[in-house]
Colleague: 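First, the structure itself, so that you have it in front of you.
Reminder, nothing fancy here: chain letters follow the sequence lines and each chain counts from 1. The analysis underlying the following values was restricted to heavy atoms, covering all of them including side chains, and did not include hydrogens, waters or symmetry mates. Please read these numbers as outputs of a predicted model, since none were measured by experiment.
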Amino acid sequence: MTASRYQPADIEPRWQRTWLEQGLYRTDTDPSRPKYYALSMFPYPSGNLHMGHVRNYTITDVIARVRRMQGYRVLHPMGWDAFGLPAENAAIDRGVHPADWTESNIANMRRQLQALGLSYDWERELATCDPRYYRWTQWLFLQMWHLGLAYQKEALVNWDPVDQTVLANEQVDSEGRSWRSGAKVEQRYLKQWFLRITHYAEELLQDLDQLPGWPERVKTMQANWIGRSVGAYLEFPVVGRPAKIGVFTTRPDTVCGVSYVVLAPEHPLVAELTTPEQRPRVEQFLQELQQLSPAERTAEDRPKRGVPIGAMALNPFNQQQVPVWIADYVLYEYGTGAVMGVPAHDERDFAFAQQYGLPITQVILPPGVDQPMPLENAYTGPGTLVNSGEFDGLDNETAKETITQKAQAQGWGEARVQYRLRDWLISRQRYWGVPIPVIHCQHCGVVPVPEPDLPVLLPRDVQITGRGLSPLAQLEAWVNVPCPTCGRPARRETDTMDTFIDSSWYFFRFADPHNDQAIFDPQVIQNWLPVDQYVGGIEHAILHLLYSRFVTKVLRDRGLIAFDEPFTRLLTQGMVQGLTYKHVQTGRYLPPDQVIQENGEYRDKETGAPVAVVYEKMSKSKYNGVDPEQVLARYGADTARMFILFKAPPEKDLEWDEADVEGQFRFLQRVWRLVQQYREQPPAPATDTTPAERELRRTIHQTIQQVTADTTGEYQFNTAIAALMKLTNALTDYQGTNSGVFDEGIRTLLLLLAPFAPHITEELWHQLGHQDSIHRQPWPQVDPSALVVDEIPLVIQVMGKTRGTIPAPAQADQATLEQLALASEIGQRYLQGKTIKKVIYVPGKLLNFVIEG
RNA sequence: GCGGACGUGGCGGAAUUGGUAGACGCGCUGGAUUUAGGUUCCAGUCCUCACGGGUCAGAGUUCGAGUCUCUGCGUCCGCACCA
């Protein structure tokens, strides 16, 4: 037996070693080439790669490899989002230091990534927990501090009473429970650090239009998150007191319909304005609210509750006095934390007024209605003003402007744009994060750590118990420092930063990863950024992607970069789902070995209960995970990559299916055998090109066209691979001799397949006698002349119905083709004796005969 | 409730954007090779014996609709008292 077998376990590690030794994927910095920056969202080093990672990194790797072959200098780096809570949990659960735990996880995952054959430039690797990196995270924070974009304030935060720690909003589920302990979170007032992302709200919204390469869905989510509303700020003086209640409304046109004013329960004016008679009721109400989680309090199906606080407010537009209430449906964090209640024209106010018997005054008449009628629901549509004094008769859109202008002229208010976006709370009372580089001095206040003193190192020797204060706060030796300004005893900030800050600028650092003089050299950034193609999960549609856009704009305003947006194209890949068994009745998940199949039905092995077979996102608790290492051991990296790219388009969810994995393995085997047979075949002397060869050559160049389009335009790796399979089939079916065209076919197949299956193609390329790496070869070019055909199948339609095709000369004109069609069997059958009214001709494609009757 | 996306064979998915629906793969069926095979190869595989009919259902535009418009049904995702 001469033909060797395809054995990925042999060839893959060998080539991975060679590539690394040769520095094959070191970043090409030749400035004469166009740049391409391909980036996957870097992972949290949890210890093991999962299939989601494999999918993400394979996609970006193919893109990077194609661009390299096309002559671009490609930046394709990898690093580690290495700070975060799981490391502290490991310390608590197993007594490992977070740094050691993280380091060994990184080592393992780096090995796993290398086993996938990903073409990273490992010389640019970075980890956010490295002081050489987080020094610049601290520097970035100080820039924001100097710009007034970082500040401290008292804020309501989520407090987990079991874990004794603060949680970020995203770590609390929709029922108000901690993701880790499952405890109901409480609201506490704590002094926290914030970044003023709201300063950029308008620009973050507007610049979404600069991003045609982003999925519409992500842009919509960001726009909703920013939540721009146009309206007015209006002031209601409190009767008998100097205080004024400011409200934000999108409906200034309804101001004469105000029948009460509501403050959020947390509003500072509540204490000041509550009358002695009302105080007991108010305090009881506030206490009741304390018992509820934020999620419970704001649940929409909950009846709205409130109490009057005794004070009256004056509506300056009609001089009416209306009561001031507090109610649970008013959010302190949005707008001014106070609203005007217009029951007739706002659904929430309507419900509230009905419940408490407050007056409902209609001030907008729907079109075609000429006098107020009792309302069954709030009327929120357009109309004409009534009961509004001087504004009666105005259409309500005009009235919005007129009334806002009057408010402004009289000093009662102004036009205002309000955003839903809140400032970014970055304080974390945790150990494994970047220390916030400030010092609190009794005499000088908050003093930033001077830049030469950076980094503020995270001390190694700490007790991590998950109880009590932040671990850093307990390290007296670390906390106590002299004030940088006055030299007197002062204390370090003991909060660390949200890890989303670490990841909001890492893509800059990859361009200049070893710079120890600056966060980066602006020249180098200009040379590589923005990121041309960013790939990651949809779960970051808002958080990471919004934060990164914000930081980019800050750096731009600081004069360090000259562009507005960090990621030109964004691809959000779909989930990888596993075969999942769950009880039909209970929805409980079952391990595969607990399930038996009989007569096509799936049942619980023990109880016989019916079991549903579905695909769901892979997770330990669902017993549906597939370990990448096992797949690699069994089929090799090339098969895993091919499967994951072929099974579904990149944005769609992907169902892991062992049978399809084997299908890909079979395909690579076919390619292997094809090349082995080709090697054994003696080369034939040159002859005239046969029709079969012309046909094959056309297939070759159609494949080049298809694969090129699918890997550089709209990413459709599944159809690219389908085209490669077709080419393989065509080469296998080719009955001719070992001709020049066949040579071209084999060579082109390997070159086009190389970005997808880098190992087998490299091996076969060398077996064919090439010395240089296939991954350094230029990308095949389409020869337009190869696509030209002599004869086409012309589609014949009658009245729009396809009746078949006839072979026709490609160059023939319409009249000739019509003659051919009429003379053909199809023409005889369907057109004989009919009157042809009209003929539609699509050049090179079809003839459609429109006939009488 | 609001916003977005989507509905194509037994399954995953194709269809140059208005021009032969079902590429490619999985699965399945039959055959061949093999000591054997969960190997490989060959043939077939939308439905129908056929005429024909088919892209969730219904209507519309068009010579022609999976593709465009409207209505309905269904699925998925995001937001959810944001004034």
Colleague: For T805(A), answer base if it contacts any base atom (sugar-phosphate contacts may also be present), sugar-phosphate if it contacts only those atoms, and nothing otherwise; contact means non-hydrogen atoms under 4.0 Å.
Modeller: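 The residue T805(A) makes base contact.
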Colleague: Which nucleotide in the list rG3(B), rA83(B), rA14(B) gets nearest to the side chain of L331(A)?
Modeller: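 Of all the options, the side chain of L331(A) is nearest to rA83(B).
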Colleague: Among the nucleotides rU20(B), rC79(B), rC24(B), which one has an atom lying closest to any side-chain atom of T802(A)?
Modeller: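 Of the candidates, rU20(B) comes closest.
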Colleague: Return yes if a side-chain donor-acceptor contact under 3.5 Å exists between E818(A) and Q814(A), otherwise no.
Modeller: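 Yes, Q814(A) and E818(A) have a side-chain donor paired with an acceptor closer than 3.5 Å.
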Colleague: Between side-chain atoms of residues 224-231 of chain A and protein atoms elsewhere (two or more places apart, or another chain), which donor-acceptor pairs fall under 3.5 Å?
Modeller:
residue : atom : partner : partner atom : Å
N224(A) : ND2  : T220(A) : O            : 3.4
R228(A) : NE   : E202(A) : OE1          : 2.8
R228(A) : NE   : E202(A) : OE2          : 3.4
S229(A) : OG   : Y334(A) : OH           : 3.4

Colleague: Please work out if N729(A) contacts a base, only the sugar-phosphate, or nothing of the nucleic acid, heavy-atom cut-off 4.0 Å.
Modeller: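 Sugar-phosphate, backbone atoms only, no base.
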Colleague: For nucleotides 39-45 of chain B, print each protein N/O atom paired with a nucleotide N/O atom at under 3.5 Å, atom names and distance only.
Modeller:
residue : atom : partner : partner atom : Å
rU40(B) : O3'  : R673(A) : NH2          : 3.1
rC41(B) : OP1  : R673(A) : NH2          : 3.0

Colleague: For R634(A), is there an ion pair with E658(A) - N to carboxylate O distance below 4.0 angstrom?
Modeller: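 Yes, E658(A) and R634(A) are salt-bridged.
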Colleague: Scan nucleotides 58-67 of chain B nucleotide by nucleotide, 5' to 3', and note B when protein non-hydrogen atoms come under 4.0 Å of the base, S if they reach only the sugar-phosphate, - if neither.
Modeller: -----BS---
Colleague: Would you tabulate the nitrogen or oxygen pairs shorter than 3.5 Å linking the protein to nucleotides 6-8 of chain B?
Modeller:
none

Colleague: Under 4.0 Å, heavy atoms only, any strand: does G335(A) hit a base, just the sugar-phosphate, or nothing?
Modeller: nothing
Colleague: Which residues pass the side chain to side chain donor-acceptor pair (under 3.5 Å) test with T802(A), not counting sequence neighbours?
Modeller: Q797(A)
Colleague: Is a donor from one side chain sitting under 3.5 angstrom from an acceptor on the other, for E662(A) and Y635(A)?
Modeller: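 There is such a pair between these side chains.
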Colleague: Have a look at K845(A) and say if it touches a base, only the backbone sugar-phosphate, or nothing, with a 4.0 Å heavy-atom cut-off.
Modeller: base
Colleague: Using atom names, set out every protein N or O paired with an N or O of nucleotides 76-78 of chain B below 3.5 Å, distance rounded to 0.1 Å.
Modeller:
residue : atom : partner : partner atom : Å
rC77(B) : O2'  : R217(A) : NH1          : 3.2

Colleague: Scan Q716(A) against the nucleic acid and name what it touches under 4.0 Å (heavy atoms): base, sugar-phosphate only, or nothing.
Modeller: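 Sugar-phosphate contact only - Q716(A) comes under 4.0 Å of backbone atoms but never of a base.
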Colleague: Could you check D660(A) against R803(A) and say which one's nearest nucleotide on RNA chain B is further toward the 5' end?
Modeller: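 Final value for this comparison: D660(A).
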Colleague: Between D813(A) and Y841(A), is any side-chain donor less than 3.5 angstrom from a side-chain acceptor?
Modeller: no
Colleague: Can you establish whether the number of heavy atoms outside Q828(A) located under 6.0 Å from its atom CD is more than 12?
Modeller: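 For Q828(A), atom CD is crowded (more than 12 foreign heavy atoms under 6.0 Å).
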Colleague: Verify the neighbour count for atom CD of E825(A): are there more than 12 heavy atoms of other residues, nucleotides or ligands below 6.0 Å?
Modeller: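 Atom CD in E825(A) is not packed in, count stays at 12 or less.
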